[in-house]
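Notes to accompany the following structure.
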Protein chains: 2
Amino acid sequence: MATGRTHRPATRSRGIPEATVARLPLYLRALTALSERSVPTVSSEELAAAAGVNSAKLRKDFSYLGSYGTRGVGYDVEYLVYQISRELGLTQDWPVVIVGVGNLGAALANYGGFASRGFRVAALIDADPAMAGKPVAGIPVQHTDELEKIVQDEGVSIGVIATPAGAAQQVCERLVAAGVTSILNFAPTVLSVPDGVDVRKVDLSIELQILAFHEQRKAGELAAAGTVVPAAASHQGPAVARRAADQEPVTDQGPDGDVPAVMPT
Amino acid sequence: MATGRTHRPATRSRGIPEATVARLPLYLRALTALSERSVPTVSSEELAAAAGVNSAKLRKDFSYLGSYGTRGVGYDVEYLVYQISRELGLTQDWPVVIVGVGNLGAALANYGGFASRGFRVAALIDADPAMAGKPVAGIPVQHTDELEKIVQDEGVSIGVIATPAGAAQQVCERLVAAGVTSILNFAPTVLSVPDGVDVRKVDLSIELQILAFHEQRKAGELAAAGTVVPAAASHQGPAVARRAADQEPVTDQGPDGDVPAVMPT
DNA sequence: GATTGTGAAAGTATTCACAGCT
DNA sequence: AGCTGTGAATACTTTCACAATC
């Protein structure tokens with residue numbers, strides 16, 4: 001789903017479904033939390049609850065990785081953390097460059113979840129000469145002119161684009177020409193890339209529009225039920241309750257060229 | 001997919017698939033660009049290319065909305081813009097609050113794609129008293145104490161959580177208690193919400209992990225083919241080429257409780 | 001007795017391919 | 001002749017439900 005690549009014809013078991021891959025990071029986060037609390041084992045039921053999925057799905061997902069559980073007991077937390085990390089490729093160091101150091105780029109540079117997952121911000125790059133040398137999150141910003149050199153010297157294969165939409169395609173081309181083969185795009189554009197390069201996009205605007213769609217539905221249903229809906233006052237229930245049945249990851253680059261998030265269109 | 005709501009048993013045509021809903025914003029963006037260039041009509045082929053999907057999928061998607069095209073001709077751009085906007089609920093005003101005004105919150109507040117899509121930042125809210133009154137993107141930051149009042153006074157039904165993970169659940173509960181029924185969560189936590197409340201999440205960390213997974217695969221394939229892979233120097237092709245087969249939207253909250261994006265875990 | 005791992009069933013989504021309209 | 005709209009075919013995902021195992 002996420003790319004132009006078809007992922008191996010799979011002679012044998014090597015065919016983890018995309019939907020499963022997209023959930024592995026969720027499981028990993030939940031497991032990491034358990035690990036920090038020194039919990040030795042979890043059942044599929046408990047872990048599923050912590051990750052916000054149902055247990056059958058979780059077991060099926062894990063079954064693609066191998067048989068890492070013990071019947072009647074559950075899963076060993078540390079062991080699973082290791083196996084999932086390995087499967088995701090997080091046991092190695094991934095140098096990442098962030099291009100575009102506006103508010104969003106700065107937010108990403110400051111993101112703490114990086115280092116703990118094997119990602120390292122190798123460089124921050126911005127087109128504004130005034131930013132050059134200024135440290136953001138302890139990392140000095142470098143000028144776009146240095147892009148190719150940085151990518152090659154650091155062996156960067158993952159690039160993050162947090163520029164305005166107008167600059168994104170050009171930045172993308174330079175990244176790819178320099179050797180980057182995976183791109184996370186926050187700019188609201190569909191990027192064209194050569195075969196073999198993966199692109200994922202994050203788009204705030206799209207998320208909000210999807211929420212608006214469902215919000216509208218709710219209002220319609222209430223109205224149809226004969227209720228007057230006074231804007232936001234229609235909610236009555238207690239603030240906390242069951243876990244939402246399914247919080248989808250705003251992550252899947254399902255279709256092509258999603259609307260990215262944080263810059264002016 | 002994105003929520004705990006099941007979307008209407010659908011007596012008649014009223015059952016637009018989630019996958020289609022998630023793509024409507026893409027089409028809308030592409031159509032808006034065409035509209036700005038005063039292009040009167042598009043074929044499914046052209047529009048699909050601009051949105052980064054294939055044309056059969058696009059036609060199928062549109063078929064759920066109705067028959068808005070003309071055989072032998074294509075689709076009227078303005079008319080489609082209107083129909084999709086209406087379907088997504090963008091013809092009305094959606095006041096939104098952003099809770100947590102760090103780099104990410106500021107980036108969101110500055111996002112230009114808001115107003116043009118019917119979204120209006122009704123308030124910025126932060127727990128830090130030092131921020132209170134300071135304008136961000138022209139909007140004065142208000143203290144968390146005001147949250148309930150703001151939501152009720154402005155009739156806010158959509159809330160954006162851009163706080164650190166530790167604060168997210170509590171903020172969520174207060175938003176929901178005050179009347180918010182849709183939440184876009186950027187904090188890396190699974191939120192528990194009552195039935196009837198939609199949650200979508202955006203998570204940078206998850207996106208990077210999925211890219212790492214595929215990146216690892218590529219490296220493995222090259223290695224298997226007997227090639228030595230010198231870090232990032234393995235790319236040879238031209239920088240631009242065909243559009244990536246499918247850039248999935250990092251948007252779908254597909255599974256439950258995805259990992260959000262931009263704060264320290 | 002508890003809990004995994006997994007075939008088989010059910011539900012969704014995508015793609016094909018062409019009849020039908022302009 | 002060109003292009004949409006859509007049934008039918010295919011592919012993927014989730015859920016069920018239970019035999020296998022500890």
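First the proteins, then the strands, lettered A, B, ... as listed; each starts at 1.
- Taking the side-chain contact (heavy atoms from CB on, under 4.5 Å) definition, one finds that B/T70 meets it with B/V73, sequence neighbours left out.
- Salt-bridge check for A/E87 with B/R217: passed, with a basic side-chain N closer than 4.0 Å to an acidic carboxylate O.
- Here the OG atom belonging to A/S182 is positioned 11.5 Å from the CG atom belonging to A/L175, to the nearest 0.5 angstrom.
- A close approach under 4.0 Å does occur between a side-chain nitrogen or oxygen of B/N54 and OP1 or OP2 of C/dT15.
- Contacts with DNA chain C (heavy atom under 4.0 Å) in residues 38-46 of chain A: A/S43, A/S44, listed by number.
- The only member of B/T189, B/V199, B/L184, B/V171 that meets side chain to side chain contact (heavy atoms under 4.5 Å, CB included) when paired with B/I161 is B/V171.
- For the pair A/I16 CD1 and D/dC12 C1', the interatomic distance rounds to 16 Å; values are reported in whole Å.
- Atom OH of A/Y68 is separated from atom P of C/dG5 by 11 Å (rounded to the nearest Å).
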Which protein N or O atoms sit under 3.5 Å from an N or O of nucleotides 6-9 of chain D?
unit_1, atom_1, unit_2, atom_2, d
D/dG7, N7, B/K60, NZ, 3.3

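- Listed by chain and residue number, A/K60 satisfy the side-chain contact (heavy atoms from CB on, under 4.5 Å) test with A/S63 (two or more places apart in sequence, or in another chain).
- Heavy atoms from other residues, nucleotides or ligands lying under 6.0 Å from CD of A/Q92 number more than 12.
- B/L65 places its CG atom 10 Å from the P atom of D/dG5, with the value rounded to the nearest Å.
- Take B/T32 and apply the side-chain contact (heavy atoms from CB on, under 4.5 Å) test, not counting sequence neighbours, and it matches B/L28, B/E36.
- Residue B/Q209 holds its CD atom at 12.5 Å from NE2 of B/H214, rounded to the nearest 0.5 Å.
- A straight line from NZ of A/K57 to C1' of D/dC12 spans 13 Å, rounded to a whole angstrom.
- A distance of 11.5 Å separates CG of A/L88 from CG of B/L211, quoted to the nearest 0.5 Å.
- For A/L47 and C/dA2, the CG to P distance is 20 Å, given to the nearest whole Å.
- For A/F62 and A/Y68, the ring centers sit 6.0 Å or farther from each other.
- Contacts with DNA chain C (heavy atom under 4.0 Å) in residues 74-82 of chain A: A/G74, A/Y75, listed by number.
- In this structure, B/E18 atom CD and C/dT12 atom P are separated by 11 Å, rounded to whole Å.
- A donor atom on one side chain and an acceptor atom on the other are found under 3.5 Å apart for B/E173 and B/Q169.
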